[in-house]
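I have placed the structure first, in the form of structure tokens, so that the comments after it can refer back to it.
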Amino acid sequence: MKKLLFLQSEVKNPFALYEIMLKEGAIHWDKENKTWVSYSYDACTTILNSADVLIPQIDEKNVHQLNEFALHIKNGLVRLSNGMQHEITREITMYLFDGMKKISIDLTLQSILSTTTKNNKVDWVDTVCKQLPALVILQSFDFGDEECDLILGEIELLKMIMLPHKNKEQVARINSSAERIFKIIENHILEVQSGLVSRLVMKYKLEYNDAVFLCISNLIGLLIQSYDGCRGILSNAILRILKSKEFSEQKCMHQEWVEKMVIETLRFDPPFHHTKRIVGKDMVVNNITIKKGASIVVMLAAANRDKKKFNNPNNFSIERHNVNECLTFGMGSHMCLAKHFSIHLATETIYHFLKMYKTITLLENDVQYEPVMHARLPKYITLSF
């Protein structure tokens, strides 16, 4: 029996497995994990666009005993909400994006590299991917250096709020971190983003504190998303670029080329391979009836390689005419709001890095990946220059 869900660290080429499953059918029942898994582009878009398909809730009864600060963060996240709550949190997140001031990514990159580079070597993942995206977000909201350092040091812990299963030690660390970071961001929002809070109170008839808490939660949500999402984009794109013919021949090293490489990498080798949904009422997908309450894993990475949608899908081509229709950022009401921010940040970061160092060498022949199922994230990428 084929294993439909697996740790990315255990599989050399998951795309070969997706291709096999796609040939056998658009959607399959995973008996081991008691979930449906969709592979075809049409099946995935049908599910993602359906108003009757919901985001699964994490520990609704708070069995893990998160404290009030961690609960405020978890319960207010746009990525975990449905219905009217999702509409409100989505608008809050868009307001947050609109309120971000422009940051010089090249200067931020230079600052990070100047303090962490040793012997002309750098771990791209640890030094750049895990720090720069979140730092840019914080700087764009005028957080000070000390606040940035404190928050950056806690994102790994805050990310664990998203885990469906947590042990007692993890919960204790999450609760401690959530209280510290919640208070720092609360003070900052009350001082700097009070206008946003007032607009939300007026539009949605919210209590003032509720509006504040939703702003805090979704700013933290942006930081969590940047930690894995932007990390994955920056990692996979730099690998693809360093292995390209254009890079080896020092051709086409301009910003438009870098952006095209980033965008095609998002289709060809996305950071997130699948997302999970719950069926709100009976629905039919590719002539298969899926009952209310059933779980569906939407295999985004497989849909991005569906030959019925993308011509020669296993070929990497930066001139692909429909590349922007890939499902890496999702589709429908839960489509990722950070799409344009992520592409811009990855493009700017890699472009300026290539300008700073003309000779860059990848020191690992075999990239190792984190032991998670839903995302393909390199553990480390050592570069010399």
Side-chain angles (χ1 to χ4, degrees), residues 14-15 18 41 44-45 48 97 100 102-103 105-106 109 124-125 128-129 132-133 136-137 222 225-275 298-332 334-355 360 362 367 374-378 381:
F15 301 99
Y18 303 153
Y41 188 91
C44 290
T45 54
L48 293 172
F97 273 121
M100 292 172 65
K102 186 175 176 60
I103 296 297
I105 292 175
D106 59 329
L109 177 64
W124 177 257
V125 174
V128 178
C129 304
L132 186 137
V136 167
I137 291 171
L222 291 180
Q225 187 73 5
S226 74
Y227 189 82
D228 277 346
C230 290
R231 165 192 171 181
I233 297 169
L234 283 164
S235 297
N236 294 346
I238 197 72
L239 288 172
R240 183 60 47 183
I241 286 171
L242 294 180
K243 294 175 182 178
S244 70
K245 180 181 178 181
E246 292 89 343
F247 177 78
S248 63
E249 296 178 355
Q250 291 293 300
K251 295 178 180 178
C252 302
M253 303 298 287
H254 49 77
Q255 193 158 344
E256 182 183 357
W257 176 79
V258 173
E259 182 177 57
K260 287 182 175 182
M261 291 291 288
V262 168
I263 292 172
E264 173 65 349
T265 299
L266 284 166
R267 182 199 68 85
F268 190 83
D269 191 10
F272 294 115
H273 277 217
H274 62 74
T275 184
V298 184
M299 200 62 72
L300 307 170
N304 287 350
R305 299 281 191 105
D306 188 342
K307 64 182 180 182
K308 291 182 180 179
K309 180 65 180 179
F310 300 102
N311 188 40
N312 296 319
N314 294 325
N315 290 345
F316 186 92
S317 172
I318 64 173
E319 302 302 335
R320 192 175 295 278
H321 75 278
N322 63 344
V323 65
N324 286 316
E325 296 178 54
C326 78
L327 298 184
T328 299
F329 291 99
M331 181 177 277
H334 277 93
M335 184 175 180
C336 179
L337 295 172
K339 176 179 179 178
H340 299 295
F341 168 79
S342 302
I343 292 172
H344 171 74
L345 180 134
T347 300
E348 288 275 318
T349 301
I350 295 173
Y351 171 68
H352 287 298
F353 183 67
L354 296 178
K355 279 181 61 180
I360 303 170
L362 174 64
V367 177
H374 71 291
R376 194 158 177 82
L377 304 172
I381 298 173

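Basis for what follows: all heavy atoms, side chains included, without hydrogens, waters or symmetry-related copies. Computed from a predicted model, the values in this text were never measured in an experiment.
- Among all heavy-atom pairs drawn from Thr347 and Val258, the shortest one is O-CG1, 3.7 Å.
- Contact annotation: the side chain of His344 approaches that of Ile105 to within less than 4.5 Å [non-hydrogen atoms, C-beta and beyond].
- Trp124 and Phe353 have tilted rings, their planes meeting at an angle from 30° to 60° on a 0 to 90° scale.
- Taking each heavy atom of Phe341 and Cys230 in turn, the nearest pair found is CE2-SG, 4.3 Å.
- Side-chain atoms of Arg376 do not come within 3.5 Å of backbone N or O of Phe272 as any donor-acceptor pair.
- Between atom CZ of residue Phe329 and atom NZ of residue Lys339 there is a gap of 7.0 Å, rounded to the nearest 0.5 Å.
- Within the 4.5 Å cutoff, the side chain of Asp306 has no heavy atoms near those of the Cys44 side chain.
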TODO: Begin with the C-alpha distance, continue with both residues' side-chain angles, and end with the deciding distance and a verdict on side-chain contact (heavy atoms from CB on, under 4.5 Å) for Trp257 and Lys260.
DONE: CA-CA 5 Å; Trp257 176 79; Lys260 287 182 175 182; 5.7 Å; no
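- The minimum heavy-atom distance between Pro133 and Ser226, with the atom names listed, is CB-CB, 3.8 Å.
- Using a 30° and 60° split on the angle between ring planes, His274 and His374 fall in the perpendicular class, above 60°.
- Atom OH of Tyr351 and atom CE of Met261 lie 15.5 Å apart (nearest 0.5 Å).
- Partner Arg320 forms a side chain to side chain contact (heavy atoms under 4.5 Å, CB included) with one of Asn324, Val323, Ile318 and no other, that one being Val323.
- Considering only heavy atoms from C-beta on, Tyr18 stays 4.5 Å or farther from Arg305 through its side chain.
- Aromatic ring pairs are classed by plane angle as parallel below 30°, tilted from 30° to 60° and perpendicular above 60°; the pair Phe15 and His273 is tilted.
- To the nearest 0.5 angstrom, Leu345 atom CG is 6.0 Å from Leu234 atom CG.
- For the atom pair Cys336 SG and Leu327 CG, the distance stands at 13.0 Å (nearest 0.5 Å).
- The two residues Cys326 and Asn304 come nearest to each other via the heavy atoms CB-OD1, 3.4 Å.
- Applying side chain to side chain contact (heavy atoms under 4.5 Å, CB included) to Asp269 and the options Asn236, Ile233, Thr328 leaves one that passes, Asn236.
- Taking the side chain as every heavy atom from C-beta outward, Pro378 and Leu239 approach each other to under 4.5 Å.
- No donor-acceptor pair under 3.5 Å is formed between the side chain of Asp106 and the backbone N or O of Glu348.
- A donor-acceptor pair is defined here as one N or O able to donate and one able to accept, closer than 3.5 Å; such a pair exists between the side chain of Ser244 and the backbone of Ile241.
- Looking at Arg267 and Glu325, no side-chain N of the basic residue comes within less than 4.0 Å of a carboxylate O on the acidic one, giving no salt bridge.
- Here Phe247 contributes atom CZ and Leu362 contributes atom CG; the two are 9.5 Å apart, rounded to the nearest 0.5 Å.
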Open item on the list: For a side-chain contact (heavy atoms from CB on, under 4.5 Å) check, start with the C-alpha distance between Met100 and Ile137, then their side-chain angles and the critical distance, and finish with the verdict.
Closed with: CA-CA 7 Å; Met100 292 172 65; Ile137 291 171; 4.2 Å; yes
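- Both the sub-6.0 Å distance and the 45° axial angle are satisfied by Arg240 relative to the ring of Phe316.
- Put simply, the side chain of Pro270 does not reach to within 4.5 Å of the side chain of Leu300, judged on heavy atoms.
- The shortest heavy-atom contact between Leu377 and Gly232 is CD2-CA, 3.7 Å.
- Across every non-hydrogen atom of Val125 and Arg231, the tightest pair is CG1-NE, 3.6 Å.
- For the atom pair Gln255 CD and Leu354 CG, the distance stands at 10.5 Å (nearest 0.5 Å).
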